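Values in this document were obtained by computation on a predicted structure and should not be read as measured data. All heavy atoms count here, side chains included; hydrogens, waters and symmetry mates do not.
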Amino acid sequence: MPIPPAIVLAHGVGGRQDLPLTLSQLVIGAALALVISFAVLGVAWREPRLDPSAGRPVPDRLARAVDARVTAWVLRVAGLGLAAVLLWSFTRPDTADNPAAGLVYVLFWVGLVPLSLLFGPVWRRLNPLRTLTAWARPRRELPESAGYWPAAAGLFAFAWLELVAPNRATLPVIGWWLAAYAVVMLAGGIVFGPAWHARGDAFEVLSDLAGRLAVIGRRPDGRLVFRNPLDGMAGLRPAPGLVAVVVILLGATFYDALSGAPFWLRFTQENGLPAPVTGTAGLLGVVALVAVAFTVATRQAGRRGHTSAERTPGELAHSIVPIAVGYVVAHYWSLFVLEGQRTVALVLGDEEFRPYSGIITPTGVANLQVTTIVLGHLVGTVLAHDRALKLFPRAQAVTGQVPLLALMVAYTVAGLLLLFAG
């Protein structure tokens with residue numbers, strides 16, 4: 001089953017010729033926006049303001065409906081129904097009209113981010129693997145040292161499947177990967193209980209991270225509230241493996257943009273190595289560069305701020321989440337809209353369906369990409385600034401953040417160049 005042409009083409013709907021400014025003007029403007037924002041924050045935001053316990057309680061009727069047992073079971077059944085649709089697709093012929101690739105790579109992987117941005121960590125309530133292990137009594141506690149490391153491994157494995165694996169749109173490749181992932185998740189759920197899914201399931205963790213930016217969420221006391229999305233993200237605390245999760249998410253998106261660049265395509269074709277070898281090395285290399293840049297910048301910030309350099313990366317990992325979310329939206333928006341429609345049509349049996357593309361124009365996509373990338377970095381800068389005010393002594397609260405500003409500028413420039421320089 002070859003990759004449907006629309007999946008390949010949708011990533012390139014917007015290009016540098018569709019930008020409102022030249023690429024150099026855009027890059028300089030985005031960098032200046034971050035620098036100016038940093039200066040304004042240093043003057044106007046002198047005390048920590050973000051509070052995970054803040055928020056206005058939702059109406060009692062809405063809270064009762066969301067937390068009702070019947071709602072929980074309806075969502076669990078819906079999740080099992082989605083899994084059944086995916087399993088049904090594997091009974092169909094392995095052709096370009098099979099919806100399996102679109103279900104996994106478009107509606108699920110890409111769609112999970114905007115769904116979580118709107119409604120919070122929804123996959124926790126839909127996850128069919130969590131539902132199938134709900135009956136099990138945990139045999140042991142998940143070690144604290146495990147943290148998010150299983151989820152980090154799962155995210156990297158899925159990124160490799162989506163971006164590198166040979167024949168990755170065919171039923172055997174998708175099926176074997178999903179089967180292996182399901183076995184690991186079910187085993188973990190049976191042994192460790194719900195804690196395994198919360199920290200070990202890559203997709204639950206992704207939904208939780210994006211869902212912290214939703215305007216509806218829960219305070220630490222469990223109360224459902226309307227809140228400032230930044231308050232929700234400020235509640236993300238350091239844990240083993242959290243840094244790995246955020247740098248893999250960001251690095252994989254960077255590599256996806258890189259893999260479509262003409263110079264990388266030429267290199268892949270001309271270096272004499274099998275494409276999966278080059279792709280794996282490229283994915284590992286980009287993730288490693290993102291990780292090194294983040295670790296060096298945050299540790300340097302810790303030293304300048306007279307705070308533990310080993311502690312600082314975990315404390316500031318939350319500031320990368322809106323950046324990663326911004327890149328996901330920027331890079332996959334047109335793919336989600338166009339191929340999402342097509343996938344739904346294939347599930348419904350309409351193989352002649354033609355997606356409505358009226359809202360996907362090259363200029364519109366380019367503008368959206370610029371906006372979400374810059375906005376993600378601005379939000380990340382605010383989150384890092386507020387956390388720095390808590391971590392660093394007052395005298396070093398601003399100067400200690402200079403390495404973080406340099407990191408944000410570097411990520412912004414790299415992201416814009418990868419999206420538009422080709």
Side-chain angles (χ1 to χ4, degrees), residues 10-16 19 23 26-27 29-31 33-34 105-106 109-117 152 155-156 158-160 162-163 202-203 205-213 229 233 243-261 264 282-283 285-291 293-294 297 316-337 364-384 404 407-422:
H11 286 63
V13 169
R16 62 186 301 174
L19 292 169
L23 182 58
L26 178 63
V27 169
L34 291 176
Y105 297 132
V106 180
W109 172 241
V110 179
L112 193 57
V113 170
L115 189 66
S116 301
L117 286 173
L155 275 176
F156 186 85
F158 187 83
W160 184 87
E162 181 203 12
L163 304 175
F203 307 110
V205 169
L206 172 63
S207 180
D208 176 68
L209 293 179
R212 289 176 179 272
L213 290 169
M233 188 55 66
V243 171
V245 167
V246 297
V247 300
I248 288 171
L249 183 59
L250 183 58
T253 308
F254 273 1
Y255 175 74
D256 196 0
L258 170 69
S259 64
W264 182 259
L283 178 60
V286 173
V287 170
L289 284 175
V290 172
F294 177 76
L316 295 171
H318 72 308
S319 67
I320 299 299
V321 176
I323 298 173
V325 168
Y327 280 116
V328 168
V329 174
H331 191 63
Y332 295 110
W333 168 247
S334 55
L335 172 72
F336 179 67
V337 172
V365 171
N367 288 334
L368 175 73
Q369 291 173 327
V370 172
T371 301
T372 54
I373 288 175
V374 175
L375 181 61
H377 283 86
L378 290 175
V379 173
T381 300
V382 173
L383 289 168
L404 301 177
L407 176 70
M408 296 295 182
V409 171
Y411 281 169
T412 303
V413 171
L416 292 173
L417 290 178
L418 284 173
L419 276 177
F420 297 113

Just verifying a value: how many Å separate [X] [atom1] and [Y] [atom2], rounded to the nearest 0.5 Å?
X: Leu383; Y: Ile323; atom1: CG; atom2: CD1; result: 9.0 Å
X: Arg212; Y: Met233; atom1: CZ; atom2: CE; result: 7.0 Å
X: Ile320; Y: Phe294; atom1: CD1; atom2: CZ; result: 5.0 Å
X: Thr253; Y: Leu258; atom1: OG1; atom2: CG; result: 12.5 Å
X: Leu368; Y: Ser334; atom1: CG; atom2: OG; result: 9.0 Å
X: Leu283; Y: Ser259; atom1: CG; atom2: OG; result: 9.5 Å

Compare every heavy atom of [Y] with every heavy atom of [X], then report the nearest pair and how far apart it is.
X: Val243; Y: Ala317; result: CG2-CB, 4.1 Å
X: Ala202; Y: Leu155; result: CB-N, 3.6 Å
X: Ala297; Y: Leu404; result: O-CD2, 4.3 Å
X: Ile373; Y: Ala330; result: CG1-CB, 4.0 Å
X: Leu416; Y: Ala30; result: CD1-CB, 3.8 Å

Where the side chain of Tyr411 meets the backbone of Leu250, is there a donor-acceptor pair that is under 3.5 Å apart?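 Checked: no pair found.
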Is Thr372 close to Tyr327 at the side-chain level, that is, under 4.5 Å between some pair of heavy atoms?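 The answer is no, as the side chains (C-beta and beyond) never meet within the 4.5 Å cut-off.
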With a 4.5 Å cut-off on side-chain heavy atoms, are Leu213 and Pro322 touching?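 With C-beta onward as the side chain, the pair touches.
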Say whether Tyr332 and Asp256, considering side chains only, have a donor N or O and an acceptor N or O under 3.5 Å apart.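 There is such a pair between these side chains.
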Take Val287 and Tyr255 through the side-chain contact (heavy atoms from CB on, under 4.5 Å) test and state the conclusion after the steps. CA-CA 8 Å; Val287 170; Tyr255 175 74; over 6 Å; no
Residues forming a ring-ring contact (aromatic ring centres under 6.0 Å, His included) with Phe203, sequence neighbours excluded: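 Per chain and number, Phe203 pairs via ring-ring contact (aromatic ring centres under 6.0 Å, His included) with Phe108, Phe158, Tyr181.
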Run the side chain to side chain contact (heavy atoms under 4.5 Å, CB included) test against Leu34 and tell me which residues pass, sequence neighbours left out.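 Scan of Leu34 (side chain to side chain contact (heavy atoms under 4.5 Å, CB included), adjacent residues dropped) gives His377, Leu378, Thr381, Leu405, Met408, Val409, Thr412.
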Please step through side-chain contact (heavy atoms from CB on, under 4.5 Å) for the pair Tyr105 and Val110, ending with a clear verdict. CA-CA 7 Å; Tyr105 297 132; Val110 179; over 6 Å; no
